[in-house]
Amino acid sequence: MEFRGSSAYDQEDFFTNYMKRRNRIDSPNAAIEGPVIYELIGDFQNKSILDLGCDMLP
């Protein structure tokens, strides 16, 4: 089965496998992306945050 777009995350097997990879200590997000984002953002405690996210419409 081929998954396309954000609807792939609605498939239980796909999402479970994704979360296993995403939560690994050595995942790219934990090793690279997260630390860089936190460095760029700086101190954000006690501040309001607006998450614009991404909404993919069919």
Problem set entry | Test item: N17 side-chain N/O and D13 main-chain N/O as donor-acceptor pair under 3.5 Å |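 No.
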
Exercise. Under the 3.5 angstrom rule, does the side chain of T16 hit a backbone N or O of E12 as a donor-acceptor pair?
Worked result: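 Side chain of T16 to backbone of E12: a pair is present.
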
Problem set entry | Set of residues satisfying side-chain hydrogen bond (donor to acceptor under 3.5 Å, both in side chains) with respect to D26, sequence neighbours excluded | R24

For this session: For Y18, enumerate each residue passing the side-chain hydrogen bond (donor to acceptor under 3.5 Å, both in side chains) test, keeping only those at least two apart in sequence or located in another chain.
Result: R22

Exercise. Other hydrophobic cluster members with Y38, side-chain heavy atoms of Ile/Leu/Val/Met/Phe/Trp/Tyr under 4.5 Å, chained?
Worked result: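 Hydrophobic cluster check, Y38: joined to I37, I41, F44, I49.
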
Exercise. How close do A30 and P35 get, heavy atom to heavy atom, and via which atoms?
Worked result: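 Smallest interatomic distance, heavy atoms only, reads O-CD, 3.4 Å.
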
For this session: List the atom of F15, the atom of Y9, and the distance in Å for their closest heavy-atom pair.
Result: CB-O, 3.5 Å

For this session: Measure the spacing between OG of S27 and CE of M19 and express it to the nearest 0.5 Å.
Result: 10.0 Å

